[in-house]
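Proteins get letters first, then strands, A, B, ... in listed order; numbering begins at 1 in each.
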Amino acid sequence: MAGTMTSAPQQPDPSATGAEPASANALEAARREKLRKLQALGLDPWGQRFDGHQSIGEIRRRLGEVALVNQASGERIPFPTDNSDLKTFVAERGPGETDGPQVRAAGRIVLQRPSGKAIFLDLRDWTGQIQVLIGKKQVGDDNWAVSQCFDLGDVVGVDGRLGVTRTGELTIFAESVTFLTKSIETPPDKHKGLTNPELRQRMRYLDLIHSDGVLERFLNRTKIINSIRGTLAAEGFVEIEGPTLHAIAGGAAARPFKTHHNALDIPLFMRIALELHLKRLLVGGMERVYELGRVYRNEGISPRHNPEFTMLEAYQAYGDYRTMMDLTERLIVDAVRATGQQEPLRWGDHELDFTPPFARRTYDELFVEHTGVDPASEAALRELAGKHNIETAGRHPDVIKGELFEELVEDRLKGPIFVLDYPATLCPLTKRRRDNAAVAERFELFVEGMEIANAYTELNDPDLQEQLFRTQLAGQKEEDSMAKMDHDFIRALRHGMPPAGGLGIGIDRLVMLLTNATSIREVILFPLLRPEEE
RNA sequence: GAGGCUGUAGCUCAGUCGGUAGAGCAACGGACUUUUAAUCCGUAGGUCUUGGGUUCGAGUCCCAACAGCCUCACCA
């Protein structure tokens with residue numbers, strides 16, 4: 001593929017793009033004019049394979065190989081690599097030439113400072129940025145002619161010696177330049193970059209180039225996900241890929257996206273959870289199994305919700321919710337380490353500390369602590385609910401307690417804190433404690449009031465599961481219920497699912513916390529937006 | 001789905017009481033071989049999101065639509 005498209009580039013008539021405003025046309029025309037000049041020089045404005053370059057990060061690390069050569073004595077003084085101020089260093093030791101290794105870099109031009117018969121470029125790749133000095137005399141007329149065709153945003157290669165200018169800036173002193181790719185669009189403001197949130201999301205490629213920390217955040221997202229896979233692998237878990245098209249969208253209470261398969265002529269749903277297929281695999285003997293993948297929920301969009309998001313669900317045979325609590329803590333501690341951050345982490349104007357062990361408190365303890373009300377007293381609950389305009393008539397006390405908990409406790413859980421032992425009536429798919437059937441073996445992990453993880457000792461009694469599916473269905477809108485009868489899932493449980501712990505982690509929210517993002521759209525490369533017109 | 005805020009040049013933003021549309025960056029021409037948001041001189045660049053309305057006159061006031069953000073609602 002690569003070799004077939006590199007012959008004579010097309011030269012579309014710029015006037016053919018008629019609908020554009022004149023100013024945009026003028027900016028583009030200036031770039032196309034330089035594109036034509038490159039072609040007149042016999043160069044391909046769309047570039048060719050470019051071998052043997054080093055990353056800018058690697059090149060910057062070679063500062064120690066650069067020496068200042070004193071003009072008078074000829075003495076070679078190596079530059080310090082301990083982040084000391086190079087400008088002061090040069091001022092104290094100079095004047096002199098610098099001498100450094102031959103390097104080859106490639107990247108995008110993000111700043112240009114032409115100064116007569118020299119040009120300073122700032123070249124950026126995904127590891128960093130470095131200054132390049134192109135002097136007319138130093139590179140020769142041919143290279144100089146090429147460099148006159150450079151625009152902000154172009155991708156170029158540079159060969160030269162690494163050195164330091166007398167202002168103390170690590171610089172590639174170019175000996176030749178290689179044109180790699182023309183940009184015919186104008187980049188955003190060179191200082192402020194893109195700030196319009198809509199443009200940042202629609203044109204994420206520009207956001208990645210021009211907004212500080214955006215590329216780093218998404219690379220950190222990948223590191224976090226790799227870390228999670230690594231931790232799970234070390235614990236003996238296997239990763240699987242379940243179906244994303246479900247005939248029955250079960251495993252959670254959320255509205256699914258509906259679609260259709262033409263050949264089978266059946267309705268299908270995009271999955272809303274990973275749970276039911278992973279549990280089938282538990283039945284099938286995959287004793288430690290997980291999926292880390294996308295789920296889809298046809299619901300509102302907010303700073304903490306995107307219609308498609310990434311979920312981890314892990315199931316461990318012969319474990320319970322406490323097993324999963326330990327696992328959750330390891331997953332997060334390892335992920336923090338993978339980002340290379342020191343505790344405490346910054347998150348907005350807050351600080352987060354994931355130093356283990358995380359606090360572990362029961363639901364009822366926290367309820368008393370934050371409300372001063374005995375969670376076992378139905379009268380006290382109803383009175384408290386009345387004060388907070390929470391509907392009580394005809395509702396189970398646990399449901400009232402649940403709403404009070406959400407209203408008065410959850411938002412204040414700075415965390416990280418494991419909340420454990422939920423009222424059983426709120427958790428129909430969870431095993432009860434053997435010593436207290438009113439309590440479900442479930443925990444949720446809260447950080448900054450956000451629910452990050454949710455885990456159970458999984459229900460594996462097929463008869464009870466079937467009964468719960470049926471009771472949920474009664475009197476509830478089907479689209480609002482998590483309990484959609486799934487006969488095959490019941491059949492699987494009837495063959496015997498070992499007792500197990502199950503864990504779900506909202507990966508996007510975890511990444512938000514670990515990368516100092518307060519909107520989920522900052523950690524999803526292409527969040528859902530209404531399509532642009534035309 | 002409800003409410004609030006925002007929408008002006010490629011980007012970032014001003015625009016007063018309703019009276020001829022402004023700046024910085026980017027671009028174009030010129031000067032400059034150690035600049036770093038380079039600097040200096042000059043030039044050009046606009047469907048003020050869209051559609052209605054009020055008015056002698058609307059970027060500005062009113063209504064509606066569209067898009068984004070925020071707060072709610074929905075949401076294991």
Side-chain angles (χ1 to χ4, degrees), chain A residues 19-31 33-34 87 90 94-95 98 110-122 129-139 144 151-153 163-171 173 183-203 206 210 251-255 272-273 275 295 297-307 309 311 313 402 406 422 426-430 440 442-444 451-456 479-483 502 504-506 518-519 521 527 529-533:
Chain A
E20 294 294 315
S23 58
N25 263 342
L27 294 170
E28 180 179 334
R31 287 166 177 263
E33 178 56 32
K34 290 174 188 167
K87 186 172 185 176
V90 172
T98 60
V110 293
L111 280 176
Q112 243 191 139
R113 293 177 293 281
S115 175
K117 295 184 176 57
I119 305 170
F120 292 91
L121 301 178
D122 284 354
Q129 190 170 315
I130 196 164
Q131 175 169 274
V132 176
L133 171 57
I134 301 171
K136 184 179 182 186
K137 194 171 155 190
Q138 289 80 356
V139 299
W144 184 252
D151 281 307
L152 292 178
V164 175
T165 62
R166 66 168 163 254
T167 53
E169 182 74 24
L170 183 64
T171 299
F173 291 80
S183 169
I184 57 175
E185 288 280 356
T186 314
D189 186 287
K190 68 184 181 185
H191 186 52
K192 295 190 172 178
L194 269 193
T195 60
N196 181 328
E198 180 175 356
L199 294 181
R200 287 188 52 218
Q201 293 168 51
R202 289 197 194 280
M203 297 196 278
L206 282 185
H210 296 285
R255 297 174 194 217
I272 58 171
E275 177 155 350
V295 297
R297 297 188 180 180
N298 204 340
E299 282 161 2
I301 295 175
S302 86
R304 291 174 181 188
H305 299 83
N306 192 61
F309 62 100
M311 180 106 109
E313 288 195 32
E406 285 179 24
Y422 278 67
L426 302 181
C427 318
L429 300 191
T430 311
R442 170 194 188 183
F443 77 76
E444 292 192 310
E451 179 199 331
I452 299 301
N454 187 15
Y456 309 111
E479 61 187 8
D480 289 341
S481 172
M482 68 183 292
I505 294 181
T518 52
S519 167
R521 291 184 287 269
L529 291 171
R530 285 187 186 273
E532 285 179 280
E533 287 189 18

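Residues A:P527 and A:R521 come closest through the heavy atom pair CB-CG, 3.8 Å. Pairing each heavy atom of A:A118 with each of A:L133, the nearest pair is CB-CD1, 4.0 Å. Across A:G168 and A:V90, no two heavy atoms sit closer than the pair CA-CG2, 4.4 Å. The minimum heavy-atom distance between A:E299 and A:A254, with the atom names listed, is OE2-CA, 3.2 Å. When all heavy atoms of A:E275 and A:G251 are compared, the closest pair comes out as OE1-O, 3.7 Å.
Of all nucleotides listed (B:rC70, B:rU33, B:rU12), B:rU12 comes nearest to the side chain of A:N196. Of the candidate nucleotides B:rU12, B:rU34, B:rC75, B:rC75 has the atom nearest to the side chain of A:E299. Which of B:rC70, B:rC74, B:rG68 sits closest to the side chain of A:L529 comes down to B:rG68. Comparing B:rU34, B:rA67, B:rU33 by their nearest atom to the side chain of A:E198 picks out B:rA67. Between B:rG68, B:rC75, B:rA38, one nucleotide has an atom nearer to the side chain of A:P197 than all others, and that is B:rG68. The side chain of A:S115 has B:rA38 as its nearest neighbour among B:rA38, B:rC75, B:rA26.
Judged by atom type and distance alone, A:T165 reaches the base of B:rU35 through a side-chain donor-acceptor pair under 3.5 Å. Remark: the A:E169 side chain and the B:rU34 base include no donor-acceptor N/O pair separated by less than 3.5 Å. Between the base of B:rG24 and the side chain of A:D189 there is a donor-acceptor pair shorter than 3.5 Å. The base of B:rC25 has none of its N or O atoms less than 3.5 Å from a complementary donor or acceptor on the side chain of A:H191.
Base pairing of B:rG7: its partner is B:rC66, meeting the Watson-Crick or G-U wobble criterion (both donor-acceptor distances under 3.5 Å). The base-pairing partner of B:rA2, taking Watson-Crick or G-U wobble contacts with both distances under 3.5 Å, is B:rU71. Using the Watson-Crick or G-U wobble rule with both distances under 3.5 Å, B:rG22 pairs with B:rC13. Across all strands shown, B:rU54 forms no Watson-Crick or G-U wobble pair with both distances under 3.5 Å. Checking B:rU43 for Watson-Crick or G-U wobble geometry (two distances, each under 3.5 Å) identifies B:rA27 as its partner. In a base pair of the Watson-Crick type (N1 to N3 plus N6-O4 or O6-N4) or a G-U wobble (N1-O2 and O6-N3), with each distance short of 3.5 Å, B:rU34 is matched with no nucleotide.
Taking for each of A:T171 and A:L111 the nucleotide of RNA chain B with the nearest heavy atom, the 5'-most of the two is the partner of A:T171. The residue among A:T195 and A:F120 whose nearest nucleotide of RNA chain B lies closer to the 5′ end is A:T195.
A close approach under 4.0 Å does occur between a side-chain nitrogen or oxygen of A:Q201 and OP1 or OP2 of B:rC69. Between A:K190 and the phosphate of B:rA26, there is a side-chain N or O to OP1/OP2 separation shorter than 4.0 Å. One finds a side-chain N or O of A:R113 lying less than 4.0 angstrom from the OP1 or OP2 phosphate oxygen of B:rA38. Applying the 4.0 Å criterion to OP1 and OP2 of B:rC75, one finds that A:R297 has every side-chain N and O outside that range. Contact annotation: A:R31 does not reach the phosphate of B:rA26 (side-chain N/O to OP1 or OP2, under 4.0 Å).
Computed from coordinates, the A:K117 NZ to B:rU35 P distance equals 17 Å when rounded to whole Å. Atom C1' of nucleotide B:rG10 and atom CD of A:E28 are separated by 11 Å, given to the nearest angstrom. Computed from coordinates, the A:N306 CG to B:rC69 C1' distance equals 15 Å when rounded to whole Å. Between the P atom of B:rC69 and the CZ atom of A:R530 lies a distance of 11 Å, rounded to the nearest Å. Following rounding to the nearest Å, A:L194 (CG) and B:rC11 (C1') show an atom-to-atom distance of 7 Å. Nucleotide B:rA38 holds its P atom 13 Å from the CD1 atom of A:I119, rounded to whole Å. Following rounding to the nearest Å, A:R304 (CZ) and B:rC70 (P) show an atom-to-atom distance of 11 Å. Between A:R200 atom CZ and B:rU6 atom C1' there is a gap of 16 Å when expressed in whole angstrom units.
Between B:rA27 and B:rC69, the two C1' atoms lie 31 Å apart (nearest whole Å). Separation of the C1' atoms belonging to B:rA2 and B:rG52 is 25 Å when rounded to the nearest angstrom. The gap from the C1' atom of B:rA14 to that of B:rC48 amounts to 13 Å, rounded to the nearest Å. Remark: the separation of the P atoms in B:rG59 and B:rC66 is 24 Å, to the nearest Å. Rounded to whole Å, the separation between the C1' atoms of B:rU47 and B:rG4 comes to 29 Å. A distance of about 35 Å separates the P atoms of B:rC13 and B:rA31, rounded to the whole Å. The C1' atoms of B:rA37 and B:rG19 are separated by 38 Å, rounded to the nearest whole Å. Separation of the P atoms belonging to B:rU34 and B:rU12 is 34 Å when rounded to the nearest angstrom.
Among the protein residues, A:R521 comes within range of the sugar-phosphate backbone only, with heavy atoms under 4.0 Å from sugar or phosphate atoms but none that close to a base. Using a 4.0 Å heavy-atom criterion, one finds that A:K34 contacts the sugar-phosphate atoms exclusively. Across all strands, A:G193 comes closer than 4.0 Å only to sugar-phosphate atoms, never to a base (heavy-atom distances). Counting non-hydrogen atoms under 4.0 angstrom, A:P303 reaches the backbone sugars and phosphates but no base. Within 4.0 Å of A:F173, counting heavy atoms only, lies at least one base atom of the nucleic acid. Within the 4.0 angstrom heavy-atom criterion, no nucleotide atom of any strand lies near A:E444.
Surrounding CD of A:E185 are at most 12 heavy atoms belonging to other residues, nucleotides or ligands under 6.0 Å away.
In summary, the side chains of A:R442 and A:N454 do present a donor paired with an acceptor at a separation below 3.5 Å, with no hydrogens or angles considered.
For A:K136, the salt bridge (charged side-chain N to carboxylate O under 4.0 Å, His left out) criterion is met by no residue, not counting sequence neighbours.
Remark: the backbone N or O of A:P197 is paired with a side-chain donor or acceptor of A:Q201 at under 3.5 angstrom.
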